[in-house]
There are 2 protein chains.
Amino acid sequence: MEKVDIKRLARELNLSISTVSRALRDSHEISDSTKKKVFELARQLNYQPNPHASSLREQRTKTIALIIPEVANNFFSLVIDGIESIAAEKGFHVLIYLTHEKTEKEVEFVRQLSNGRVDGILMSVSGLGQSITHLEDLMQKNIPLVFFDRTPDELDVPKIITDDRDSSFRATEHLIQCGCKKIVHVSILRQMSISDKRKQGYLDAINKHGLPEMVLDCSIDEEETYQLIKTCIREQKPDALFASLERLAIAAYYVCGELGLNIPGDLKVLSFSNLQTASLLNPPLTTVTQSAFDMGAAATKQLFRLIKGQEIDERTITIRADLIRRKSTSCD
Amino acid sequence: MEKVDIKRLARELNLSISTVSRALRDSHEISDSTKKKVFELARQLNYQPNPHASSLREQRTKTIALIIPEVANNFFSLVIDGIESIAAEKGFHVLIYLTHEKTEKEVEFVRQLSNGRVDGILMSVSGLGQSITHLEDLMQKNIPLVFFDRTPDELDVPKIITDDRDSSFRATEHLIQCGCKKIVHVSILRQMSISDKRKQGYLDAINKHGLPEMVLDCSIDEEETYQLIKTCIREQKPDALFASLERLAIAAYYVCGELGLNIPGDLKVLSFSNLQTASLLNPPLTTVTQSAFDMGAAATKQLFRLIKGQEIDERTITIRADLIRRKSTSCD
DNA sequence: TGTTTCTACGAAAACGTTTCCGTAAAAAAA
DNA sequence: TTTTTTTACGGAAACGTTTTCGTAGAAACA
């Protein structure tokens with residue numbers, strides 16, 4: 001089957017390549033009659049322009065890249081949904097890269113993207129607190145770049161974030177209103193600004209009400225985390241556990257199962273989470289739920305503004321998270 | 001900041017473009033001394049080749065496309081993980097497309113990919129039973145193509161599937177062994193071969209044991225599905241519900257909550273599902289769990305074989321699903 | 001010494017587009 | 001009628017690579 005490119009169309013129609021190209025792009029320089037002929041043949045042969053040739057010539061790719069730590073995670077899945085909805089609408093393609101929380105991978109991906117592969121990059125950084133020179137390099141190259149959720153504080157870049165401190169504060173006050181006196185905040189990845197903000201919201205609420213600060217920093221390792229939580233619950237006997245991440249709450253549920261503790265009777269549990277089945281858990285889990293889809297959509301819209309060269313008014317967009325009260329923190 | 005391309009390297013080193021290109025690709029035609037010089041400068045200036053120029057010239061892109069119905073779904077999230085793990089290993093890039101179960105979108109994506117954008121395509125089809133001419137077109141163009149999970153029976157293509165019939169049979173027998181006599185199989189998207197196979201496994205087991213066939217076909221609409229399940233449970237009073245899809249089991253859980261039915265006392269529930277939190281539900285849900293990560297990885301490996309032009313021995317790879325027994329089908 | 005074979009490199013074509021520039025013929029203006 | 005403008009198109013350069021082909025000079029061989 002012979003290849004179908006512009007050259008072929010031109011040959012079959014006895015036209016020049018330039019004329020065919022212009023006809024396809026509906027240029028005013030081409031007469032309606034030839035346009036019609038070109039369109040007709042293109043349709044017949046199912047002509048599709050070679051995107052790499054176009055990208056090379058036009059110096060734009062209609063493609064964006066998404067770099068995230070992981071995908072098997074309700075938050076990021078929903079974010080992808082939001083991103084895709086906007087990208088598809090604009091006819092853009094989306095490349096996806098998973099760092100698995102490894103900065104080296106992030107550095108490598110960024111390097112790969114630094115020479116015209118994409119028109120812009122959306123990113124939720126892995127392991128913050130690490131070196132950010134690769135991100136600075138990217139900015140220097142003037143590649144449109146938008147961060148979401150996990151953003152580097154050190155850089156002045158467009159970002160989409162959750163009201164982490166405030167929602168954490170509200171969540172903590174919810175626990176306090178339920179009568180909890182010993183609330184432990186469980187967190188991970190201490191280098192992440194987002195964890196810090198959540199912890200800060202907790203601390204602010206705790207201090208406002210004169211309660212004791214109880215903070216547990218876990219590691220990345222699942223098993224170690226499980227043991228830490230177990231020891232904490234057994235020895236410190238908190239009456240509420242506020243998890244900064246979904247997987248920490250899951251671990252807490254298992255620990256309670258093992259220790260024979262009743263939720264919410266013995267321990268109230270609350271977590272940042274995007275679990276769709278939160279209300280089906282035993283017991284239904286009270287969550288602080290981020291609008292993940294909206295964050296993805298907002299980030300993408302912002303990125304398109306940058307790509308189009310438009311000035312952006314708000315460099316930081318904050319999207320409110322909702323506290324959804326369920327049985328794991330019920331008061332009776 | 002001046003652009004850094006091969007031309008720039010050549011100019012600064014007083015070499016020709018071809019020599020630089022060859023040096024970068026470590027050709028034996030270039031002396032070690034010049035190679036060293038070229039590498040050094042490339043490193044200094046952080047040279048990255050323009051991928052579109054390479055793709056255009058080489059007629060290969062080191063990019064694959066993934067077309068799936070949705071991403072906010074545990075199964076597909078894990079599949080993506082599996083795909084990415086293999087792709088990253090080979091230095092390939094992954095484009096992601098979501099059809100949201102709409103065949104029109106699938107057709108459009110396929111059209112967009114039909115002219116050299118990618119080296120191959122991985123796909124789980126949307127709404128089977130629809131027209132498949134767009135897939136036939138793709139095959140005619142000789143674009144490497146591998147299907148997984150939801151595959152079109154009509155086409156002779158490489159595919160990765162679950163042992164849907166067999167695992168469904170085993171699951172149904174598990175319910176029967178628990179003493180269930182009125183087992184209803186709930187399914188959706190009746191045009192999907194995968195649904196058919198699951199239903200067939202159920203029917204085979206039911207008939208083998210001389211029990212009544214009870215089949216409920218739901219629609220895509222969430223609310224309608226909910227009502228159908230509710231009516232079915234109330235009027236037909238099954239003692240077990242076998243859901244072909246995760247979301248149907250979720251709906252069943254809600255229905256039972258509303259009707260005040262006890263799981264597993266009044267109704268045992270079992271479902272195909274990749275929910276990570278299945279064991280934390282109330283009650284823990286017995287699942288038939290596909291090895292989603294492995295399916296993604298296997299599909300990608302298969303695709304790479306096609307891309308390399310290797311003959312593939314097994315055109316259909318079946319990956320076994322596991323029945324994980326939990327409390328929702330407990331016998332006591 | 002003369003001939004052949006390597007070695008190491010340069011010129012240029014090619015990949016498939018888009019667009020700048022140029023120009024006949026037709027139309028409009030003078 | 002002559003001049004100017006417009007219309008509709010063709011030629012060729014350009015995007016940044018890779019690779020084919022060609023060739024000086026060095027090395028090997030006779």
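Note: hydrogens, waters and symmetry copies are ignored here, and every other heavy atom, side chains too, is used. Labels below follow one simple rule: chain letters A, B, ... track the order of the sequence lines, proteins then strands, and each chain is numbered from 1. As the structure is a prediction and not an experimental result, all values here were calculated from the model.
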Is [X] close enough to [N] that one of its side-chain N or O atoms is under 4.0 Å from OP1 or OP2 there?
X: Arg25(B); N: dT19(D); value: yes
X: Thr19(B); N: dC9(C); value: no
X: Tyr47(A); N: dG16(C); value: no
X: Lys3(A); N: dC15(C); value: no

Proximal nucleotide (of [options]) relative to the [X] side chain:
X: Ser18(B); options: dG10(C), dC9(C), dT17(D); result: dG10(C)
X: Thr34(B); options: dT19(D), dC9(C), dT17(C); result: dC9(C)
X: Leu56(A); options: dG16(C), dT18(C), dA12(C); result: dG16(C)
X: Asp5(B); options: dT17(C), dC21(C), dG16(D); result: dG16(D)
X: Glu58(A); options: dA8(D), dG10(C), dT18(C); result: dT18(C)
X: Arg57(A); options: dC9(D), dA14(D), dT17(D); result: dA14(D)
X: Leu15(B); options: dG16(C), dG10(C), dC9(D); result: dG10(C)
X: Lys7(A); options: dA8(C), dT17(C), dC15(C); result: dC15(C)
X: Ile17(B); options: dC9(C), dT17(C), dT17(D); result: dT17(D)

[N] base / [X] side chain donor-acceptor hit below 3.5 Å:
X: Ser31(B); N: dA8(C); result: no
X: Gln59(B); N: dC15(C); result: no
X: Arg22(A); N: dT7(D); result: no

Would you tell me whether [X] and [Y] have side-chain atoms, one donor and one acceptor, within less than 3.5 Å of each other?
X: Asp137(B); Y: Gln140(B); result: no
X: Ser18(B); Y: Ser21(B); result: no
X: Ser77(B); Y: Ser77(A); result: yes

Can you tell me the distance, in whole Å, between the [atom1] atom of [X] and the [atom2] atom of [N]?
X: Asp26(B); N: dT18(D); atom1: CG; atom2: P; answer: 13 Å
X: Leu24(A); N: dT19(C); atom1: CG; atom2: P; answer: 13 Å
X: Glu29(B); N: dA8(C); atom1: CD; atom2: C1'; answer: 8 Å
X: Asn50(A); N: dG16(D); atom1: CG; atom2: P; answer: 16 Å
X: Asp32(A); N: dC9(D); atom1: CG; atom2: C1'; answer: 15 Å
X: Lys36(B); N: dA8(C); atom1: NZ; atom2: C1'; answer: 16 Å
X: Arg8(B); N: dT17(D); atom1: CZ; atom2: P; answer: 12 Å
X: Leu13(A); N: dG10(D); atom1: CG; atom2: P; answer: 10 Å

Is it true that [X] and [Y] have a side-chain N and a carboxylate O under 4.0 angstrom from each other?
X: Glu40(B); Y: Arg43(B); value: yes
X: Asp156(A); Y: Arg315(A); value: yes
X: Glu108(B); Y: Arg111(B); value: yes

* Output, in order, the C-alpha distance, side-chain angles, deciding distance and verdict of side chain to side chain contact (heavy atoms under 4.5 Å, CB included) for Ile67(A) and Ile121(A). => CA-CA 8 Å; Ile67(A) 304 180; Ile121(A) 301 176; 4.1 Å; yes

* Asked: What is the nucleic acid contact for Lys35(B), judged by heavy atoms within less than 4.0 Å: base, sugar-phosphate only, or nothing?
  ->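 Answer is nothing: Lys35(B) stays at 4.0 Å or more from every strand.
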
* To do: Answer with base, sugar-phosphate or nothing: what part of the nucleic acid does Ser54(B) contact at a heavy-atom distance below 4.0 Å?
  =>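 Ser54(B): backbone/sugar contact only, no base atoms under 4.0 Å.
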
* To do: With DNA chain C as reference, determine whether Asn115(B) or Asn14(B) sits nearer its 5' end, using the nearest nucleotide of each.
  =>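 That would be Asn14(B).
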
* Intermediate values then yes/no, salt bridge (charged side-chain N to carboxylate O under 4.0 Å, His left out), Glu58(A) and Arg60(A) -> CA-CA 5 Å; Glu58(A) 297 190 71; Arg60(A) 51 177 212 117; 3.3 Å; yes

* Based on Watson-Crick and G-U pairs with both distances under 3.5 Å, what dot-bracket line describes DNA chain D 5' to 3', crossing pairs as [ ] and inter-strand pairs as |? -> ||||||||||||||||||||||||||||||

* Asked: Considering residues, nucleotides and ligands other than Lys301(B), do more than 12 of their heavy atoms fall under 6.0 Å from its NZ?
  ->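 Atom NZ in Lys301(B) is not crowded, with 12 or fewer foreign heavy atoms closer than 6.0 Å.
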
